[in-house]
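Data block below; observations after.
A, B, ... follow the sequence lines: proteins, then strands. Residue 1 opens every chain.
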Protein chains: 2
Amino acid sequence: MPSTLGYALLGLLARRPQTGYELAQSMRIPVGYFWSASHSQIYPELSRLEADSLVRSRVVPGPGPRDTKLYTISAAGRRALAAWVVMPAALEQSRSEELLKTYSLWLGDPVGAREMISGLRDRHHEMLSRYERIAAEIERGGPLDPATPRFFDYATLRRGLSFERHAIAWCDWLLDTLS
Amino acid sequence: MPSTLGYALLGLLARRPQTGYELAQSMRIPVGYFWSASHSQIYPELSRLEADSLVRSRVVPGPGPRDTKLYTISAAGRRALAAWVVMPAALEQSRSEELLKTYSLWLGDPVGAREMISGLRDRHHEMLSRYERIAAEIERGGPLDPATPRFFDYATLRRGLSFERHAIAWCDWLLDTLS
DNA sequence: ATATACATGTAACAAGTTACATGATTTA
DNA sequence: TAAATCATGTAACTTGTTACATGTATAT
């Protein structure tokens with residue numbers, strides 16, 4: 001049984017065949033906006049997926065100095081992924097360092113505390129702008145059919161937008177209340 | 001320098017002295033609603049904090065069969081925590097298995113997909129109810145002074161409330177659009 | 001000349017989860 | 001009498017991050 005990262009990779013490969021390098025690039029913007037990984041995690045995981053026959057690879061000459069391995073999802077991989085997505089998701093206790101800091105913020109000096117929160121606000125705003133640009137791009141592509149991958153790109157993006165908006169609203173409320 | 005978990009423990013101990021066991025209980029509802037840990041992580045971390053003189057412990061006879069160690073935050077611990085909370089929080093790429101599943105949901109069968117999302121909705125709703133009960137309890141305690149730990153309990157709880165409400169709204173939108 | 005992109009991998013470390021280990025007291 | 005609570009710890013394992021390693025082609 002693949003790890004969660006394995007399913008992330010299968011999800012990317014179910015859309016189109018990619019090399020390990022491309023997958024690592026793809027995941028710099030997190031898959032579904034909520035799952036990232038670095039190349040050092042990805043390469044070994046691809047080997048495991050291949051050992052389990054969930055993906056196949058073939059060596060193709062790339063533009064770079066090295067040959068690249070192009071990975072393709074197998075029928076078994078597609079089945080495994082389709083079964084996984086409909087299984088109830090594990091209850092997640094989302095860890096958040098910013099909330100943990102907030103929990104002890106009564107100890108910090110008031111000026112520094114305000115700056116910390118307003119820095120948070122800025123970063124959330126930056127993320128929101130990025131998401132809004134992507135959303136505009138998706139929406140330019142015409143009507144969304146809820147049976148296509150593109151619709152689910154949009155669905156996960158909406159969650160990102162919502163997440164950032166409520167984070168900003170919370171920062172604003174806190175800054176307001178603290179003053 | 002303590003780990004993030006170390007700061008979570010310092011945050012709890014800054015409010016009142018507690019034993020390792022009590023800290024483990026406290027963290028079953030995540031600190032600030034967004035940071036949890038199990039006892040097997042907590043005990044070694046307390047030893048490290050004590051080695052760094054950020055906390056002190058004294059053995060007291062407990063109700064159980066074993067002596068318990070009561071931990072108290074030191075002045076140095078308080079300083080370290082106060083410095084940490086105002087430092088800019090690391091940009092977090094919140095991982096979410098449910099969003100990762102959503103990303104590949106176009107592959108799953110439509111009935112199972114709906115059930116998965118509606119199961120999500122249920123669980124978020126349960127969390128929301130729990131948070132609302134806690135909020136009511138805090139609000140019953142009278143006006144909130146933004147210089148007290150209690151205010152920051154409330155502040156982090158508000159983020160939890162907002163998080164669950166947005167998650168539910170998103171599930172509703174998705175269920176609606178999929179049908 | 002220097003940096004960036006290409007391209008894949010391993011090693012060392014940090015963080016987090018699950019299971020193992022012990023054993024008295026209270027509650028159902 | 002069986003289960004839950006109290007109470008602290010270690011061991012094994014999984015996951016994730018940062019650093020190490022190599023070396024060409026292209027753009028500035």
Under a single-linkage rule joining Ile, Leu, Val, Met, Phe, Trp and Tyr whose side-chain heavy atoms are separated by less than 4.5 Å, which residues share a cluster with B:Val111?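 Hydrophobic cluster check, B:Val111: no partners found.
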Clusters formed by hydrophobic residues whose side-chain heavy atoms approach within less than 4.5 Å: which one holds B:Tyr21, and what are its other members?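 B:Tyr21 clusters with B:Tyr43.
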Residues which pass ring-ring contact (aromatic ring centres under 6.0 Å, His included) with A:Phe151, listed by chain and number, not counting sequence neighbours: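 So A:Phe151 forms a ring-ring contact (aromatic ring centres under 6.0 Å, His included) with B:Trp173.
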Tell me the ring pair (Phe, Tyr, Trp, His ring centres under 6.0 Å) pairs involving residues 77-112 of chain A, sequence neighbours left out?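 Every pair satisfying ring pair (Phe, Tyr, Trp, His ring centres under 6.0 Å) with a residue in residues 77-112 of chain A: A:Tyr7-A:Trp84.
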Within residues 167-179 of chain A or reaching into it, pairs that qualify as salt bridge (charged side-chain N to carboxylate O under 4.0 Å, His left out) - sequence neighbours excluded: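 Output for this query lists A:Arg121-A:Asp172.
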Which salt bridge (charged side-chain N to carboxylate O under 4.0 Å, His left out) pairs, counting each pair once, include a residue from residues 143-159 of chain B, with sequence neighbours left out?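 Applying salt bridge (charged side-chain N to carboxylate O under 4.0 Å, His left out) to every pair that reaches into residues 143-159 of chain B, excluding sequence neighbours, yields A:Glu98-B:Arg159, B:Arg15-B:Asp153.
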If the sugar-phosphate is the primed atoms plus P, OP1 and OP2 and the base is the rest, what is the B/S/- string for nucleotides 9-14 of chain C, using protein heavy atoms under 4.0 Å? BBB---
Output a table of nitrogen or oxygen pairs between the protein and nucleotides 26-28 of chain C separated by less than 3.5 Å.
none

Taking salt bridge (Lys or Arg N to Asp or Glu O under 4.0 Å) as the definition, give me every residue that meets it alongside A:Arg48, ordered by chain and number, with sequence neighbours left out.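 A:Arg48 satisfies salt bridge (Lys or Arg N to Asp or Glu O under 4.0 Å) with A:Glu45 only.
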Work out how much the helix from C:dA1-D:dT28 to C:dA28-D:dT1 bends between its end axes, five pairs an end, to the nearest 10 degrees.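 Computed angle between terminal axes is 40°.
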Positions of residues 19-26 of chain A (non-hydrogen atom under 4.0 Å from DNA chain D), listed by number: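 Output list: empty, so none.
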Do any of residues 51-61 of chain B sit with a heavy atom less than 4.0 Å from DNA chain C, and if so which?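 Residues of residues 51-61 of chain B under 4.0 Å from DNA chain C: none.
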